[in-house]
Protein chains: 2
Amino acid sequence: MNVTMKDIAKIAGVSVNTVSRALNDKPEINEDTKRRIKQIASELNYTPNSIAASLASRKSKTIGLIIPDICDPFFAQQARGVEDTAEKEGYSVILLNTDEISEAELDAVETLRSIRVAGMLLTSVFSRTDHIENLKKQKVPLVLLNRRCQEIDTDYVINNNEKGAYKATKHLIKLGHKRIGVILGPQRITSVQDRYAGYMKAMDEAGIEKSAEYVVCGENFKPDTGELLAEQLLQNNLRPTAILAYCDSLAMGAYAAARKRGLSIPEDLALVGYDDIPYAKYFEIPLTTIAQPAYKMGEVACKIILEKIKSGGGRNRVKSEPQHIVFEPQLIIRRSCGARS
Amino acid sequence: MNVTMKDIAKIAGVSVNTVSRALNDKPEINEDTKRRIKQIASELNYTPNSIAASLASRKSKTIGLIIPDICDPFFAQQARGVEDTAEKEGYSVILLNTDEISEAELDAVETLRSIRVAGMLLTSVFSRTDHIENLKKQKVPLVLLNRRCQEIDTDYVINNNEKGAYKATKHLIKLGHKRIGVILGPQRITSVQDRYAGYMKAMDEAGIEKSAEYVVCGENFKPDTGELLAEQLLQNNLRPTAILAYCDSLAMGAYAAARKRGLSIPEDLALVGYDDIPYAKYFEIPLTTIAQPAYKMGEVACKIILEKIKSGGGRNRVKSEPQHIVFEPQLIIRRSCGARS
DNA sequence: CTGTTAGCGCCTTCAT
DNA sequence: ATGAAGGCGCTAACAG
């Protein structure tokens with residue numbers, strides 16, 4: 001079996017406790033014995049058992065990251081931001097995908113609770129919020145990513161979705177579009193609501209009449225879904241001259257839908273996405289989009305969770321107000337919207 | 001603190017052991033007491049402590065996945081294949097990125113050893129192999145992904161890299177190209193070697209003279225690296241008329257390099273990638289590439305590791321021969337190579 | 001079927 | 001600076 005501290009202790013002729021102190025670089029220990037113990041440990045090819053350490057100390061060195069789908073480059077970048085940050089502090093991250101399915105999210109939270117992760121980062125679909133309520137009650141450090149929670153006040157890291165969608169819509173309006181379709185996702189998601197609100201605000205400000213037929217919602221954010229929804233928009237008698245997609249993945253589907261109908265972008269149809277995934281600028285017609293700093297957002301969210309963990313997970317320390325970090329969205333103009341740069 | 005089996009036992013008036021049996025659906029237990037115990041557990045909002053369970057049973061329900069970079073869609077898809085499969089069996093996966101840096105890989109393995117993961121899936125850079133040797137000695141279930149190991153016989157799941165590159169190169173040759181540049185990665189990586197071998201084989205068979213100036217290698221597979229390497233190829237006095245990129249991410253960089261030089265694809269420069277990431281077909285000029293079944297590969301690798309884990313990690317069971325799964329690569333012809341379909 | 005006895009490998013007091 | 005004792009929450013033999 002594996003080498004344990006006990007084995008090392010026996011060889012070194014000291015107690016297990018001393019070995020523990022040496023290997024964990026605790027102050028109360030003689031430098032010489034420490035060196036000697038470390039030497040023996042390395043000779044024996046000792047690997048600490050963090051399972052045992054976790055159990056004994058009731059502290060774990062892993063954090064959980066729940067996202068819709070790692071295959072979406074936006075979430076992949078965010079995940080890297082989280083992992084790089086966690087790793088620097090000696091934490092590992094467990095990744096769980098939900099595909100925007102509420103059940104999967106509940107399961108994921110349960111799994112992470114069971115593993116006793118030190119903290120959780122959650123991009124929630126918010127079909128329910130009782131699990132979030134529970135986490136709060138149980139004092140599990142939690143930071144919401146990308147989406148706020150209406151009902152419960154928690155820390156979150158998002159970008160200003162309303163503003164982003166507002167900027168995008170306004171840009172299209174400036175280019176002369178009036179019939180602007182919008183492709184959204186599940187309506188309970190706050191980022192969907194917020195982007196929709198931004199769209200509406202821009203339309204209202206411009207005094208453009210809105211039509212319910214120009215608003216479509218899907219169950220997830222995959223390209224295939226985007227294609228279906230775009231087709232739906234394009235079937236209108238008076239078809240929209242521009243489409244704002246909730247995210248670049250959905251926008252990708254819109255390219256396909258346009259091609260099928262023989263519509264060329266941007267001449268027949270202007271298109272704007274959201275996220276600025278790294279591929280957006282390599283598309284057939286480079287995609288105009290709203291950039292949000294995915295990696296940075298993951299990094300910041302992870303830093304906050306790490307802080308919360310260190311401050312005793314709120315268990316001991318005075319609980320400070322939840323942090324709300326909001327990044328500024330940025331309009332990236334490329335060819336798909338038809339603007340000349 | 002958290003509810004434990006002890007708490008439940010006290011309330012139910014039974015021993016901790018009985019609670020354990022009930023909650024884990026062991027056979028030797030009365031159906032009624034089981035129901036009663038489960039009832040109490042649910043009322044108390046009990047969440048099992050898998051840390052403690054792992055320590056006691058010396059079995060963990062997490063597996064480790066080490067890959068170069070989750071931001072590469074190929075690896076993202078593979079990761080999903082792994083995670084979906086693991087989840088079905090009640091396993092969680094810890095994801096670690098190496099960026100093809102050997103140190104990072106060693107650290108990752110150490111971390112996973114320390115967490116006592118049930119098994120590891122590894123896409124290695126193979127700058128060293130002692131860590132793999134160690135894992136084998138320690139009977140840690142291990143499956144290599146994407147890349148074989150020359151020195152040590154282990155299970156692996158790959159695609160036929162030589163054949164894939166051979167197909168791609170031959171395709172370019174058929175289209176009339178003779179000056180074919182190739183963009184590779186770190187040379188110790190077997191998939192790099194294999195794809196290079198496939199390229200060479202096709203060139204040799206066609207009797208085309210090879211030039212060292214047409215072969216460039218980078219330190220990783222990121223688009224930026226691809227751009228630099230493509231520029232290098234295009235600086236040759238007799239610049240290549242076609243480029244074969246080790247992967248689609250590198251090919252993406254080549255698009256940028258070509259644009260910078262005012263070369264149009266495929267007229268001035270034919271381009272072929274590898275992987276068929278989901279974005280390849282949406283590129284400015286859709287990318288001809290070699291497809292490998294990323295998700296499936298992750299799935300299969302995960303299934304193998306799960307089997308190995310169940311068969312006692314090789315600790316108890318008769319050790320069977322390592323499995324070598326090789327998927328067939330598939331040529332996907334799009335516009336970037338200049339072929340008419 | 002159920003309870004008892006022992007740990008798993010480590011950390012955490014408290015002594016010394 | 002070091003050791004001894006106790007326990008983290010659970011599983012794993014054994015007894016009954």
Side-chain angles (χ1 to χ4, degrees), chain A residues 1-38 40-41 44-61 90 113-118 138 312 315-316, chain B residues 1-38 40-41 44-62 90 113-118 138 312-313 315-316:
Chain A
M1 278 302 294
N2 277 309
V3 180
T4 71
M5 285 191 177
K6 203 170 160 189
D7 302 325
I8 299 174
K10 207 168 289 173
I11 295 177
V14 295
S15 75
V16 174
N17 199 333
T18 304
V19 175
S20 170
R21 278 191 279 247
L23 265 23
N24 291 313
D25 289 310
K26 300 263 165 156
E28 328 89 338
I29 190 172
N30 182 301
E31 276 301 323
D32 279 340
T33 58
K34 182 182 187 170
R35 243 191 302 280
R36 201 161 52 87
I37 288 170
K38 286 202 170 185
I40 296 174
L44 260 45
N45 206 350
Y46 169 77
T47 308
N49 185 328
S50 58
I51 299 276
S54 287
L55 183 59
S57 66
R58 291 173 231 55
K59 282 187 198 102
S60 129
K61 280 287 211 174
R113 285 271 310 125
S114 161
I115 297 176
R116 298 290 190 270
V117 292
Q138 289 153 166
R315 227 181 288 274
N316 319 328
Chain B
M1 276 302 293
N2 278 308
V3 180
T4 71
M5 285 192 177
K6 206 170 158 188
D7 302 325
I8 299 175
K10 206 167 290 171
I11 295 178
V14 296
S15 76
V16 174
N17 201 326
T18 304
V19 175
S20 169
R21 277 191 280 247
L23 264 24
N24 291 313
D25 288 311
K26 300 263 165 157
E28 328 90 339
I29 190 168
N30 182 301
E31 277 300 324
D32 279 340
T33 59
K34 182 179 184 173
R35 242 190 303 278
R36 201 160 53 88
I37 288 171
K38 285 201 170 184
I40 296 174
L44 260 46
N45 207 348
Y46 170 78
T47 309
N49 185 327
S50 59
I51 299 276
S54 288
L55 182 60
S57 66
R58 292 175 235 41
K59 281 187 198 102
S60 128
K61 281 286 211 173
T62 74
R113 286 270 312 124
S114 162
I115 296 176
R116 299 290 189 271
V117 291
Q138 288 154 163
R315 227 181 288 273
N316 318 328

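Note on naming: letters A, B, ... go to the chains in the order of the sequence lines (proteins, then strands), and numbering restarts at 1 for each one.
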So do Tyr46(A) and Leu23(A) actually touch side chain to side chain, heavy atoms under 4.5 Å? yes

Do Asp25(A) and Lys34(A) have side-chain heavy atoms sitting under 4.5 Å apart? yes

Round to a whole Å and report the spacing from CD of Glu28(A) to P of dC11(C). 13 Å

Return no unless some side-chain N or O of Thr18(B) is found under 4.0 Å from OP1 or OP2 of dG3(C). yes

What's the CG-C1' distance between Asp32(B) and dT2(C), to the nearest Å? 15 Å

Check for a donor-acceptor pair, side chain of Asn24(A) on one end and backbone N or O of Lys26(A) on the other, with a separation under 3.5 Å. no

Under 4.0 Å protein heavy-atom contact, by nucleotide of nucleotides 8-16 of chain D - B base, S sugar-phosphate only: BBBBBB---

When the distance from CD1 of Ile8(A) to C1' of dG9(C) is rounded to whole Å, what number comes out? 11 Å

Please determine whether a side-chain nitrogen of the Lys or Arg among Lys10(B) and Asp7(B) lies less than 4.0 Å from a carboxylate oxygen of the Asp or Glu. no

Distance check needed: dG9(C) C1' versus Leu23(A) CG, whole Å only. 13 Å

Could you state the atom-to-atom distance from NZ of Lys10(B) to P of dG3(C) in whole Å? 15 Å

In whole angstrom, what separates Arg36(B)'s CZ from dC1(C)'s P? 15 Å

Among Val3(B), Asn2(B), Thr4(B), which residue meets the side chain to side chain contact (heavy atoms under 4.5 Å, CB included) test with Leu44(B)? Val3(B)

Report yes if a side-chain nitrogen or oxygen of Thr33(A) is closer than 4.0 Å to either non-bridging phosphate oxygen (OP1 or OP2) of dA1(D); otherwise report no. no

So, do Gln138(A) and Arg113(A) sit near enough that their side-chain heavy atoms are less than 4.5 Å apart? yes

